[in-house]
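Chain naming here is simple, since letters A, B, ... match the order of the sequence lines and numbering starts at 1 in each.
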Number of protein chains: 2
Amino acid sequence: MTRGKSTYEHLRDRLISGEFYPGQRMKYEDLRADYGISISSVRETLFRLSAVGLVDFLEQRGFRVPHETEALRHDLAQSRILLETEGACLSIRYGGVGWEARLNAAHHELKHIESRVSSASGNSQDLVPLWSAAELKFHRTLIEECRSEVLKQLHLQVYYRFRQQLISHDKNFGFITTNVEQHQGILEAALLHDEALTRERIHQHLSRHLIQLPPQTDSNE
Amino acid sequence: MTRGKSTYEHLRDRLISGEFYPGQRMKYEDLRADYGISISSVRETLFRLSAVGLVDFLEQRGFRVPHETEALRHDLAQSRILLETEGACLSIRYGGVGWEARLNAAHHELKHIESRVSSASGNSQDLVPLWSAAELKFHRTLIEECRSEVLKQLHLQVYYRFRQQLISHDKNFGFITTNVEQHQGILEAALLHDEALTRERIHQHLSRHLIQLPPQTDSNE
DNA sequence: TTTGATAAAAATTTCGAAATTATCTATATT
DNA sequence: AATATAGATAATTTCGAAATTTTTATCAAA
């Protein structure tokens, strides 16, 4: 693996685990020191990350961690609902028993980690990366058989940005334990091949982050 | 504007206008000569373009123009239908008369250029950039009032990739003149505030590129 | 003729610094 | 005290080349 790729992946994981605060400047010099690479390579990595929205690029003013806003969280939740409900329904349609088995396995793993987090009161900090990987795995498996690489790519982007927003919003990871029944519900609906119910359950899972947008008027009227 | 940004935009427009053939290598040295910039800057620009899927990046093997395949065209069409129908319906819900006016204007412009292309038999080559910009403008205006920046970003990405695939597939730009009634139909449905009809018309507009996927079996069963 | 090893060429990755631009600080002015 | 200006500092942008890897070309052996 090239230095560029491993740097990209490592920094991506730091960004979605809330290591940096919203609005923080990503200084070239700091990252150069962190990874022992040159300024050009740092810049290159940041451009890759800005492409998926994990950092913002401002001309002549470098890169920053996106601000945490209610509106963006709503927007990302809404977009994830659109992509994930569609992907899940297509998976239900096209996926076979192999898919069902993998989804079951992914859920089992996730459930196990979620219960460990629940019992480990307080010091569940170091379980977060494990949970993070398991949750991503479950939701990716859910749409795995949709037969659309583009849809899966878009979903991954939105998932990462949403995760980053959530962690910026709640540094205590309170959102981990509140999803246990919801994941269960999604699994059940999918295994029943009930597309409408699956849509509903995914919607429920994310609806907590939706807000009532102010009735903004069209400025050109 | 920085050199980096203008290079990005220029190269992007070359990529979606079919100047390069599918699978072509994007050699650093060639682009360095084209734009009078350094290798590092070329690489940076290509990373930005790969982020939106306009070039493919292969580790240790540089960047290439994506191959033209029926499956990808289908995938992109399907994804565009999902994003554009959703965005259009939300625009219908939230957009006011100002939006309707802008949509009308964008369509009028597009119609005008399409008629010029139709009459100019043969040498309509130089009208393509104009048409390209007008078509993008129309479809972007259609979803403009959806109140989701994320949805608009995703749509733009998919739109660019779809355009690139179409031009790779049909170098003679035959697809330009076949869409006149369809654009008209979308406009009418949107102005009627008929969400279901708008969805249907957008679907029709892109359905030509959908294929019957082979009934692929789940490999793990 | 085909296969495989080796050398030469070309391309990619990474670097470190120069040039440019933004940001900060101290000072002067209203 | 608040605002504006100028110089100093820090950060970003861009460059050109060295180091590494892949690709191509050459030639010997099966």
Side-chain angles (χ1 to χ4, degrees), chain A residues 1-15 18-68 153 161 164 168, chain B residues 1-15 18-68 153 161 164 168:
Chain A
M1 197 189 309
T2 56
R3 194 91 60 110
K5 186 171 187 187
S6 62
T7 304
Y8 170 81
E9 293 179 352
H10 193 264
L11 191 52
R12 179 198 64 200
D13 291 343
R14 289 172 76 188
L15 283 163
E19 183 175 328
F20 307 97
Y21 60 84
Q24 180 174 350
R25 286 176 74 161
M26 303 297 282
K27 293 187 196 165
Y28 299 148
E29 182 51 33
D30 294 351
L31 294 169
R32 191 202 60 70
D34 281 1
Y35 291 101
I37 59 178
S38 72
I39 294 283
S40 313
S41 301
V42 169
R43 197 172 142 90
E44 192 177 290
T45 302
L46 287 169
F47 266 118
R48 292 215 239 179
L49 289 163
S50 77
V52 294
L54 250 23
V55 296
D56 288 337
F57 171 63
L58 295 91
E59 199 122 309
Q60 308 278 34
R61 293 177 59 200
F63 297 83
R64 285 159 199 264
V65 177
H67 285 97
E68 190 269 311
Q153 285 165 21
R161 293 182 65 182
Q164 180 184 49
S168 295
Chain B
M1 196 187 315
T2 56
R3 194 91 58 106
K5 186 171 185 184
S6 63
T7 305
Y8 169 82
E9 293 179 353
H10 194 264
L11 190 52
R12 178 198 64 198
D13 291 344
R14 289 171 75 188
L15 282 163
E19 183 175 329
F20 307 98
Y21 59 84
Q24 180 174 351
R25 286 177 74 162
M26 303 297 282
K27 293 186 196 165
Y28 299 148
E29 182 51 32
D30 294 351
L31 294 170
R32 191 202 59 70
D34 281 2
Y35 291 102
I37 60 177
S38 72
I39 295 283
S40 313
S41 301
V42 169
R43 196 172 144 91
E44 192 177 290
T45 302
L46 288 169
F47 267 119
R48 293 215 238 180
L49 289 163
S50 77
V52 295
L54 249 25
V55 296
D56 287 337
F57 171 63
L58 295 91
E59 198 122 311
Q60 308 277 36
R61 293 177 60 200
F63 297 84
R64 284 157 199 266
V65 177
H67 286 97
E68 190 269 312
Q153 286 165 20
R161 293 182 65 183
Q164 180 184 50
S168 296

Footprint string (nucleotides 10-18 of chain C, 5' to 3'): B base within contact, S backbone only, - free, heavy atoms under 4.0 Å: -SSBBBB--
Is the gap between the ring centers of Phe57(B) and Phe63(B) under 6.0 Å? yes
Got a donor-acceptor contact below 3.5 angstrom from the Gln164(B) side chain to the Leu54(B) backbone? yes
Residue pairs fulfilling side-chain hydrogen bond (donor to acceptor under 3.5 Å, both in side chains) with at least one residue in residues 54-67 of chain B, sequence neighbours excluded: Thr2(A)-Glu59(B)
Please list all pairs meeting side-chain hydrogen bond (donor to acceptor under 3.5 Å, both in side chains) that have one or both residues in residues 24-33 of chain B, counting only residues at least two apart or in different chains. Tyr28(B)-Arg43(B), Glu29(B)-Arg32(B)
Checking Gln153(B) now: which residues fulfil side chain to side chain contact (heavy atoms under 4.5 Å, CB included) with it, not counting sequence neighbours? Arg161(A), Glu149(B)
Return yes if some donor-acceptor pair links the side-chain N/O of Ser41(B) with the main-chain N/O of Ile37(B) below 3.5 Å, else return no. no
Who passes ring pair (Phe, Tyr, Trp, His ring centres under 6.0 Å) against Tyr35(B), sequence neighbours left out? His10(B)
With five pairs defining each end axis, the helix from dT1(C)-dA30(D) to dT30(C)-dA1(D) comes out bent, to 10°, by 30°
